[in-house]
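I have placed the structure first, in the form of structure tokens, so that the comments after it can refer back to it.
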2 protein chains.
Amino acid sequence: MDVTDSSSHSSESGRGRPGARQEYKCPIRDVLDRVGDAWSVLVVSNLAEGPTRFNELKRRVEGISQRMLTVTLRHLERDGLVSRTVLPTTPPQVEYALTELGHSLCGPLDVLSGWATANQPLIRASRERYDGEAGELTGGE
Amino acid sequence: MDVTDSSSHSSESGRGRPGARQEYKCPIRDVLDRVGDAWSVLVVSNLAEGPTRFNELKRRVEGISQRMLTVTLRHLERDGLVSRTVLPTTPPQVEYALTELGHSLCGPLDVLSGWATANQPLIRASRERYDGEAGELTGGE
DNA sequence: CAGAATCCCATTGGATACTG
DNA sequence: CAGTATCCAATGGGATTCTG
């Protein structure tokens with residue numbers, strides 16, 4: 001494991017401007033920004049099953065707003081994980097598909113989701129224990 | 001790949017309350033919420049090297065605010081990934097360490113960061129290409 | 001030292017309406 | 001159909017201050 005940030009800013013960089021971190025951080029960061037975005041993962045995993053059109057995707061990811069789907073797809077496209085193909089039909093159809101790079105991400109993502117699925121019970125349990133204890137202390141009772 | 005949300009809400013669940021998604025989603029989600037949080041990853045990877053005290057951690061992750069370090073540690077603790085031990089000294093010392101569960105996450109995290117490191121050049125390139133084209137269209141010249 | 005609390009602005013993201 | 005644009009509530013997170 002070596003995700004340790006090396007190109008870190010001295011804390012003065014982000015001073016005064018809340019939320020405005022900085023542009024250059026460790027390489028991992030920006031990838032995690034994408035992976036960490038729950039929508040991205042759901043979209044990618046959906047696309048893993050094959051090319052899909054916008055509204056179809058919106059239906060499948062169900063719960064995502066139109067705006068977020070657009071934004072997410074743009075990000076994924078920008079990162080070269082997803083390709084966007086406009087079919088010259090009327091009405092216009094747009095097909096999204098994983099690129100090679102996108103497919104290659106599925107492996108690592110799978111490992112992670114495997115871990116998540118396997119350990120979710122433990123995590124859930126830990127949370128309930130934690131929350132329970134917290135409640136005891138606060139509630140006094 | 002099957003991260004597809006199965007316990008999805010009909011869109012009525014989150015209706016009206018922006019940002020307030022819902023409590024139950026697919027198992028993967030809450031794990032990704034933690035992994036996706038850049039700070040969590042940095043903290044975990046730091047703790048992977050051994051137990052560390054609060055301020056030491058703050059120094060090492062450099063760039064993290066005190067508040068975020070506290071919050072992040074609380075989350076990790078709640079999820080059972082990190083243990084918190086108060087040494088009864090004066091002044092009080094608090095040591096944070098990875099639990100077994102926490103350590104087990106390092107593997108998957110490593111896979112991911114491996115992918116990230118390996119493909120970062122491609123991603124960067126893709127972004128520049130994308131941004132370049134976007135600029136052409138918008139700026140006209 | 002370790003952390004809780006407060007203030008406050010910036011970004012997020014849902015809802016809605018409009019366009020080609 | 002496939003978006004784009006706008007509005008606005010909620011959250012995130014830095015800075016600062018106070019405590020045991």
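Quick note on labels: first sequence line is chain A, next is B, and so on, each numbered from 1. Atoms considered below: every heavy atom in the structure, side chains included; atoms not considered: hydrogens, waters and symmetry mates. Given the structure is predicted, the values throughout are model-derived calculations rather than measurements.
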Just how far, in rounded Å, is [atom2] of [N] from [atom1] of [X]?
X: B/K58; N: D/dG14; atom1: NZ; atom2: C1'; value: 12 Å
X: A/R84; N: D/dT4; atom1: CZ; atom2: C1'; value: 12 Å
X: B/E62; N: D/dG14; atom1: CD; atom2: P; value: 14 Å
X: B/H75; N: D/dT11; atom1: NE2; atom2: P; value: 13 Å
X: B/D37; N: C/dT12; atom1: CG; atom2: P; value: 14 Å
X: A/F54; N: C/dG20; atom1: CZ; atom2: P; value: 18 Å
X: B/I64; N: D/dG13; atom1: CD1; atom2: P; value: 10 Å
X: A/L42; N: C/dG13; atom1: CG; atom2: P; value: 13 Å

Nearest to the side chain of [X], heavy atoms from C-beta on, is which of [options]?
X: B/S65; options: D/dA2, C/dG3, D/dG14; result: D/dG14
X: A/N55; options: D/dG14, C/dC1, D/dA2; result: D/dA2
X: A/R59; options: D/dA2, C/dC1, D/dC1; result: D/dC1

**Asked** Can you check whether A/Q66's main-chain N or O pairs, donor with acceptor, with A/T70's side chain at less than 3.5 Å?
**Response**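 Yes: the side chain of A/T70 pairs with the backbone of A/Q66.
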
**Request:** Without swapping roles, check the side chain of A/T99 against the backbone of A/G80 for a donor-acceptor pair under 3.5 Å.
**Result:**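 Yes; at least one donor-acceptor contact below 3.5 Å.
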
Contact under 4.0 Å: [X] side-chain N or O vs [N] OP1/OP2:
X: B/R67; N: C/dT6; value: no
X: B/R74; N: C/dG3; value: yes
X: A/R53; N: D/dA2; value: yes
X: A/Y96; N: D/dG3; value: yes

**Request:** Given side chain to side chain contact (heavy atoms under 4.5 Å, CB included), test A/L42 with A/I64 step by step and report yes or no.
**Result:** CA-CA 10 Å; A/L42 290 184; A/I64 195 173; over 6 Å; no

**Prompt:** From A/R60 CZ over to A/L47 CG, what is the distance, rounded to the nearest 0.5 angstrom?
**Reply:**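 Between A/R60 CZ and A/L47 CG, I get 8.0 Å after rounding to 0.5 Å.
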
**Request:** With B/Y96 as reference, evaluate B/R84, B/E56, B/E77 under the side chain to side chain donor-acceptor pair (under 3.5 Å) test and give the passing residue.
**Result:**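 Testing each of B/R84, B/E56, B/E77 against B/Y96, the sole residue satisfying side chain to side chain donor-acceptor pair (under 3.5 Å) is B/R84.
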
**Side-chain donor/acceptor contact of B/Q66 with base of C/dG3 under 3.5 Å** =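 When only heavy-atom distances are counted, B/Q66 does reach the base of C/dG3 through a donor-acceptor pair under 3.5 Å.
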
**Along DNA chain D (nearest heavy atom to each residue), the more 5'-positioned of B/M68 and A/E95** =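 With B/M68 and A/E95 compared, the 5'-side residue is A/E95.
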
